[in-house]
Amino acid sequence: QVHLVESGGGLVQAGGSLRLSCAASGDIFGLRGVGWFRQAPGKEREIVASFTWSGPTTYYADSVKGRFTISGDNAKNTVYLQMSSLKTEDTAMYYCARSWTYTLGKKETEFDSWGQGTQVTVSS
């Protein structure tokens, strides 16, 4: 079983940047896909970006394309989400998740291991 721990969240002004980290222990990532999701108050959880180690290949939600970058360091068992040009609508709890597949996941149902989340708050 993999244990995922997110870090790097915080309070930032609109236009600013943050880098989230997701460290894996236990079963680690292996070559399985990894994703970042977010959930704002009163809204459903949505995918932000996902990543596969082979390639690597990436997927981004339209709302973050061009502003967020997902990457990984397999030697450190860590996946990152670099967030730039942050907007107030990016405010949410951000979750890291590992897929049960080796492909580029885009749906929540493709991920079976989740971290506890890290809060990102963007002020105007």
Side-chain angles (χ1 to χ4, degrees):
Q1 186 175 1
V2 66
H3 181 57
L4 304 176
V5 178
E6 303 94 335
S7 62
L11 174 63
V12 64
Q13 285 192 326
S17 300
L18 281 175
R19 188 177 80 157
L20 305 184
S21 298
C22 173
S25 60
D27 193 27
I28 65 175
F29 291 117
L31 293 178
R32 298 186 186 184
V34 182
W36 282 97
F37 291 76
R38 68 186 180 187
Q39 186 168 23
K43 295 187 177 181
E44 293 187 352
R45 189 157 57 185
E46 62 177 1
I47 190 166
V48 174
S50 60
F51 169 86
T52 60
W53 298 99
S54 60
T57 56
T58 56
Y59 165 80
Y60 297 96
D62 287 343
S63 58
V64 306
K65 205 171 290 183
R67 301 188 297 121
F68 291 10
T69 302
I70 187 171
S71 62
D73 186 333
N74 212 349
K76 296 182 178 179
N77 296 318
T78 302
V79 173
Y80 306 97
L81 184 69
Q82 177 68 48
M83 306 185 297
S84 302
S85 301
L86 283 162
K87 305 175 181 180
T88 55
E89 51 263 44
D90 294 318
T91 295
M93 183 71 79
Y94 283 71
Y95 299 90
C96 171
R98 190 191 72 173
S99 174
W100 53 270
T101 77
Y102 297 93
T103 57
L104 191 63
K106 299 178 183 178
K107 301 177 182 179
E108 192 170 332
T109 53
E110 296 173 283
F111 296 82
D112 62 353
S113 298
W114 296 83
Q116 293 299 306
T118 185
Q119 178 67 39
V120 171
T121 303
V122 184
S123 64
S124 58

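Keep in mind it's a predicted model, so treat the numbers as computed, not measured. Atoms considered below: every heavy atom in the structure, side chains included; atoms not considered: hydrogens, waters and symmetry mates.
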Taking every non-hydrogen atom, the tightest pair across [X] and [Y]:
X: V12; Y: L86; result: CG1-CD1, 3.5 Å
X: S85; Y: D90; result: O-OD2, 4.5 Å
X: T52; Y: Y102; result: CG2-O, 4.0 Å
X: V34; Y: V79; result: CG1-CG2, 3.8 Å

For the pair K65 and D62, find out whether any cationic side-chain nitrogen is under 4.0 Å from an anionic carboxylate oxygen.
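Salt bridge between K65 and D62, a charged N being under 4.0 Å from a carboxylate O: yes.
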Quick check: does any side chain N or O of [X] sit under 3.5 Å from a backbone N or O of [Y], one acting as donor and the other as acceptor?
X: T103; Y: T101; value: no
X: W100; Y: T109; value: yes
X: E6; Y: T118; value: no
X: S50; Y: G105; value: yes
X: Y60; Y: R67; value: no

Transitive ILVMFWY side-chain link [X] to [Y], under 4.5 Å:
X: I70; Y: L4; answer: yes
X: F51; Y: L20; answer: yes
X: W36; Y: I47; answer: no
X: Y59; Y: Y94; answer: no

So Y95 and W114, would you call those rings parallel, tilted or perpendicular, with 30° and 60° as cut-offs?
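Y95 and W114: perpendicular rings.
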Heavy-atom count check: over 12 atoms from other residues, nucleotides or ligands less than 6.0 Å from Q39 CD?
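Result for CD/Q39: enclosed.
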Under 6.0 Å from the CD atom of E44, do we count more than 12 heavy atoms belonging to anything else shown?
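Not buried by this count: 12 neighbours or fewer within 6.0 Å.
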Side chain to side chain, R38 and S63, heavy atoms closer than 4.5 Å
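A side-chain contact exists here, since the closest heavy-atom pair is under 4.5 Å.
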Trace of the side-chain contact (heavy atoms from CB on, under 4.5 Å) decision for Y80 with T69:
CA-CA 8 Å; Y80 306 97; T69 302; over 6 Å; no
side-chain contact (heavy atoms from CB on, under 4.5 Å) between S113 and Q1: does it pass, once the steps are laid out?
CA-CA 8 Å; S113 298; Q1 186 175 1; 5.7 Å; no
